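First up is the structure itself, then whatever we jot down about it.
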Amino acid sequence: MSDNNTKLTKEEERLFGDLMPEELNEIIQSGLNRRHFVKLIGLASAGLLTSHLIGAEQLFARAIDMEIEDLPPIAIENGVTVNLKVNSVGKIVLIDSRTTLLDTLRERLRLTGSKKGCDHGQCGACTVILDGNRVLSCLTLAASCEGKSVITIEGLARNNELNPMQSAFLKHDGFQCGFCTPGQICSAVALMKEAKEGQASYVSTNIRETEVGMMLSDDEIAERMSGNICRCGAYPNIVAAIKEAQTGKNIEQTWLFAG
């Protein structure tokens, strides 16, 4: 990693010192790596980052730099060169013409935030934002993305500041195991654009009249997010997070109990 990313802030040092003291010296000397982030995700899922929210937000907003190795042309069948922009950075990659965007992101560009869940376009874990619209990257051919812009979960934070949707998911515990979370957040971010443009959904009362900048109800959010499955069942938390990110107001969760 670069020197700027290696140096920890005081909040980050306190976080590692309290929760992962055995890793602190290695991180100070060698910098952050994916193993450290995996442990942090585990701690977040266990609800142990609440008292370290500032340090955790800074860490989750960091980028991890990794060298990308090019495959030799002889190792690729039906090779095509694709020129696209990924998280605002231009990429030129030689791939098999049948390779999906998801496999290109994960296997070639090493952006493993987008998850391969069902690999059939049914769970939404692989959702990314393509030219401003959410797509299922497991069903999208990378070759069809020539000249387009792709935003993944790794590209939502800016200058060590989490995207408001990411902050809302952390605040409302919008994840448990975390596997579906990258797709949930990317879908939710693109959802804000749909609402701003007044795009209708299945539960819209009048599809002939578009309401630009509409404020989404719980039913609207649930319907528009129905393509993203959370097997842990964190749906009330996800709805609350999206509602807070859109309104900018503090949203209290309402729990429904079977009587």
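The structure displayed is predicted, hence computed values, not measured ones.
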Is Asn228 reaching over with its side chain to a backbone N or O of Gly124, donor-acceptor style, under 3.5 angstrom?
yes
Backbone N/O of Val212 and side chain of Glu197: donor-acceptor pair under 3.5 Å
no
Among all residues two or more places apart in sequence or in another chain, which pass the salt bridge (Lys or Arg N to Asp or Glu O under 4.0 Å) test with Arg134?
Glu194
Look at Lys249 together with Glu244 and state whether they make a salt bridge at an N to O cut-off of under 4.0 Å.
no
Sequence-distant partners of Asp219, side chain to side chain donor-acceptor pair (under 3.5 Å), two or more places apart
none
If you measure from CG on Leu105 to CG on Leu111, what distance do you get to the nearest 0.5 Å?
6.0 Å
Are there more than 12 heavy atoms of other residues, nucleotides or ligands under 6.0 Å from atom NZ of Lys193?
yes
Would you mind checking if Arg108 and Asp103 are paired as a salt bridge, meaning a charged N to carboxylate O distance below 4.0 Å?
no
Taking all non-hydrogen atoms of both residues, which atom of Ala241 and which atom of His172 are closest, and how far apart?
CA-CD2, 3.8 Å
Do Tyr235 and Cys230 come within less than 4.5 Å of each other through their side chains, counting heavy atoms only?
yes
Check the pair Thr127 / Val135 against side chain to side chain contact (heavy atoms under 4.5 Å, CB included), numbers first and verdict last.
CA-CA 6 Å; Thr127 304; Val135 299; over 6 Å; no
Connected-component partners of Leu136 among ILVMFWY, side-chain separation under 4.5 Å:
Leu139
